[in-house]
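Notes for the one structure printed next.
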Amino acid sequence: MAAPGHLLTLNLTPSLPSRRKLASPTTSNANPSTACLASATATIKCDLPSHSSTQNPKPLKSRPSKSLLSLTKTLAVSAATGILFHLASSSRSLNGHGPGGSSAGGGGGGGGGDSGGGDFWSRFFSPVAIAKDDDSQSPEWDAHGLPANIVVQLSKLSGFKKYKLSEILFFDRWRGTTVGTEDSFFEMVSLRPGGIYTKTQLQKELETLATCGMFEKVDLEGKTNPDGTIGITISFTESTWQSADRFRCINVGLMPQSKPIEMDPDMTEKEKIEYLRSQEKDYKRRIDRSRACLLPMQVHREVLQMLREQGKVSARLLQKIRDRVQKWYHDEGYACAQVVNFGNLNTKEVVCEVVEGDITQLVIQFQDKLGNVCEGNTQLAVVRRELPRQLRPGHVFNIEAGKQALRNINSLALFSNIEVNPRPDEKNEGGIIVEIKLKELEQKSAEVSSEWSIVPGRGGRPTLASIQPGGTVSFEHRNLQGLNRSILGSVTTSNFLNPQDDLSFKLEYVHPYIDGVYNPRNRTFRASCFNSRKLSPVFTGGPGVDEVPPIWVDRTGLKANITENFTRQSKFTYGLVMEEITTRDESSHICPTGQRVLPSGGISADGPPTTLSGTGIDRMAFAQANITRDNTKFVNGAIVGERNVFQLDQGLGVGSKFPFFNRHQLTLTRFIQVKQVEEGAGKPPPPVLVLHGHYGGCVGDLPSYDAFTLGGPYSVRGYNMGEIGAARNILELAAELRIPVRNTHVYAFVEHGNDLGSSKNVKGNPTEVYRRLGHGSSYGVGAKLGLVRAEYAVDHNSGTGAIFFRFGERF
């Protein structure tokens, strides 16, 4: 997952089945169940407070494995007696029956009953929709053929013509004003200015409005224009219900739905009363069987305040309540939650029915390169243990849980593509089936990277023979036995023609889930053999000292450890290291002591000893432990939080001269957000103050190559590696202020390093031999340019400044 700022979409395709409704005696004779059958398609941007967007943005993708979180859901909406709120379609034909007419009326529902067809409600809570039947309409339209500027009733229009609408006006009879386009009633009508419609379509539109129960009276009339088009005016009187002083929100997902029972028009008044009472009892039982929704009390109080201020309950008020409820759900990541019904109208309590999107099933599928379902190599338990609890059956689907699943599965590094697709459960109405589709990487891979270097020949001029090909050959066999076990290896040299000079290699075996794949404890065993060569910063000259001959440190050995992950960023590692350390000069000869340049230009080998044994070769075994507590997070791209690291190396008295020592380090870093900012995609990051402290100490035997060094890009900036000193105990302090500027940040810093007077306790005192001070400070400014840090730092010891370009982060 996406993770890292990425755009997330929900493609919502509800299929609205028949629902139980109570038809009011004053309602039109049109079939009410037919009016509630709709096939709807809406595209929702989940980062918006409402589902009314008609855009279709790109889905969230997770890097680097091209993971995809495509939230696709079919919402099967259902409810019992009450006013029905459906999600409408952005492309549908108009439903309705009967001959239509220029005027129709309908009364409001009583008790807990519905007042008519639900197709109106589907429009009332829909995105802006355009009703256009692609099969029956064509771009051509017919002129009305009537005198201009006259009012014409719908029944007077010709049934053989296609009329083009120039404008659509909504006239509120109760207010005596024309409703603006910002009014919610404009969302109810699928007609649009510039659209082309037949008389039948206009009649169906009027009939849908008339039978929905939302209007006491609704009329549709046209006005002819000189250019042959007509303008439509829809005048209405809005239905209202009695005031309410209580509000309840219930979760009706997964509840069995009753089949609609229509009122027989031949019923006597007594039978009708009994029928209404039975419907009310059924709805009360439905409420009792429902579950409490996730809506917090704060939102409940806001809705109650709306009810008190409004007085009588109206359609506009219900829409405001719907928007507020759904805004909370969508803001909290419950993208599949929808308000589907309001019940108990014309009582003192308004009941809001919500389908929250309960997860009923979790399905994991493996796909081949063509997207076909296939049998995977990875055991399902490996994937299941990475899924957050909120994504398992019995919980409500949440986008954040989907993102976390993407990140967790992506961290396995086993898959080239990951998709998390919620879809409707056809057997459990209102339920969600979460599908996880995975494409596995090849188990075996190999890679070769090359680099060329030119070595100066005689007189400093390179020759063709001095061109050296170097590089790295690496291979990996991952996911052994489908349990994410792997073998990795790499060989690196700067000269393939003569690799014995600086050949380094590493072979590692990784064995996760050592307690069992079904055990929640997350421990990983690693074993490796290695050979590496690095330049020692201990043997480095101070300010004004001529170049010191370098000392290279070769390490060959075995390492085994166990890492226990507490969270994704916090972990505890403990293990054993056995290694042979060899110090060499520039010519790769074993060098037991450091070297220095004499005034005559010669080289003296009377410097500090390079090894504990004094022979240039040490062997030792020691236990190693590291614990990291990291709760940092990203706020609009800026890292905020704290990170603590403690590392301990304990000598076991095994090896050359039986080395016994305790080497410990503590690093504390704080990323303090200086200013509160609004979080979200495209929002600017906050300024951040970084405070950093590092302490290192050693008790017991300490070879020179393991001494703590001061100076360098990851110690005290403005100095070369080890330029300040090498000591048994050190203290580093740093502060950095980061200011965001145009998708990056600039920063100012100040740093200090001190050997705490312990340089003299290092064997041979290399700090004094190479004329280093043992303490130093620096300050400067910098800018982050992609992966590169461009810095200007002032060395406080010499008072001179320089420009540096570094890769990676300082902290």
Side-chain angles (χ1 to χ4, degrees), residues 19-27 32 36 77-86 106-118 120-121 124-125 174 211-216 237-252 255 257-258 260-263 267 269-293 295 297 299-325 339-355:
R19 306 178 47 182
R20 185 170 216 181
K21 294 184 296 297
L22 175 61
S24 170
T26 59
T27 303
C36 282
V77 178
S78 59
T81 308
I83 299 299
L84 308 181
F85 283 71
H86 298 166
D114 184 13
S115 298
F120 173 85
W121 289 97
F124 184 76
F125 291 106
W174 186 76
T211 58
C212 69
M214 280 299 297
F215 301 108
E216 293 182 3
T237 301
E238 182 183 2
S239 293
T240 58
W241 297 267
Q242 73 176 63
S243 60
D245 54 14
R246 297 190 306 276
F247 175 75
R248 182 190 298 189
C249 182
I250 59 176
N251 180 9
V252 297
M255 291 184 64
Q257 306 306 319
S258 302
I261 302 176
E262 298 183 12
M263 182 185 296
M267 285 183 179
E269 289 299 323
K270 183 178 180 179
E271 290 174 335
K272 290 180 180 179
I273 293 174
E274 290 297 327
Y275 172 80
L276 295 176
R277 287 177 178 173
S278 66
Q279 293 294 299
E280 292 176 3
K281 290 180 180 179
D282 289 343
Y283 191 68
K284 187 177 184 302
R285 284 194 295 267
R286 176 180 175 80
I287 294 176
D288 294 338
R289 292 196 305 269
S290 65
R291 292 166 292 153
C293 66
L295 201 68
M297 287 306 300
V299 181
H300 276 82
R301 288 191 290 268
E302 291 180 23
V303 173
L304 285 174
Q305 185 64 25
M306 292 181 189
L307 293 172
R308 294 190 189 102
E309 293 177 354
Q310 182 74 17
K312 287 189 175 182
V313 177
S314 65
R316 289 185 176 94
L317 176 60
L318 294 179
Q319 190 208 31
K320 290 180 181 178
I321 295 175
R322 189 287 314 256
D323 289 343
R324 181 64 189 95
V325 171
V339 174
V340 296
N341 183 43
F342 280 96
N344 270 11
L345 299 179
N346 267 347
T347 68
K348 286 297 183 179
E349 180 182 54
V350 173
V351 177
C352 176
E353 298 185 8
V354 181
V355 173

Glu349 side chain vs Arg248 backbone, donor-acceptor pair below 3.5 Å: no

Carboxylate-amine/guanidinium proximity below 4.0 Å for Arg286 and Asp282: no

Student check: side-chain heavy atoms of Leu307 and Ile321 closer than 4.5 Å: yes

Exercise: identify the closest heavy-atom pair between Met267 and Glu271: CA-OE1, 3.3 Å

Euclidean distance, Lys320 NZ relative to Met306 CE, rounded to 0.5 Å: 7.5 Å

Closest contact, heavy atoms only, Ser290 versus Asn251: CB-O, 3.7 Å

For Cys352 against Phe342, the heavy-atom pair lying closest together: CB-CE2, 3.8 Å

CD on Gln310 to OG on Ser243, rounded to 0.5 Å: 10.5 Å

Within 6.0 Å of NZ in Lys312, more than 12 heavy atoms from elsewhere: no

From Lys284, Arg285, Arg291, residue fulfilling salt bridge (Lys or Arg N to Asp or Glu O under 4.0 Å) relative to Asp288: Lys284

Heavy-atom closest contact (Cys249 atom, Cys293 atom, distance): SG-SG, 2.8 Å

Smallest separation among heavy atoms of Ser314 and Thr240, with atom names: CB-CG2, 4.3 Å

For the student: nearest non-hydrogen atoms of Phe247 and Leu304, plus distance: N-CD2, 3.6 Å

Rounded distance [0.5 Å steps], CD in Glu280 versus CG in Leu276: 6.5 Å

Nearest-0.5 Å distance that lies between atom CG in Leu295 and atom CZ in Arg324: 8.0 Å

Stepwise side chain to side chain contact (heavy atoms under 4.5 Å, CB included) check, Ile287 with Val351: CA-CA 9 Å; Ile287 294 176; Val351 177; 3.9 Å; yes

Basic-acidic side-chain contact under 4.0 Å: Glu274, Arg277: yes

Side chain to side chain, Val252 and Asn341, heavy atoms closer than 4.5 Å: no

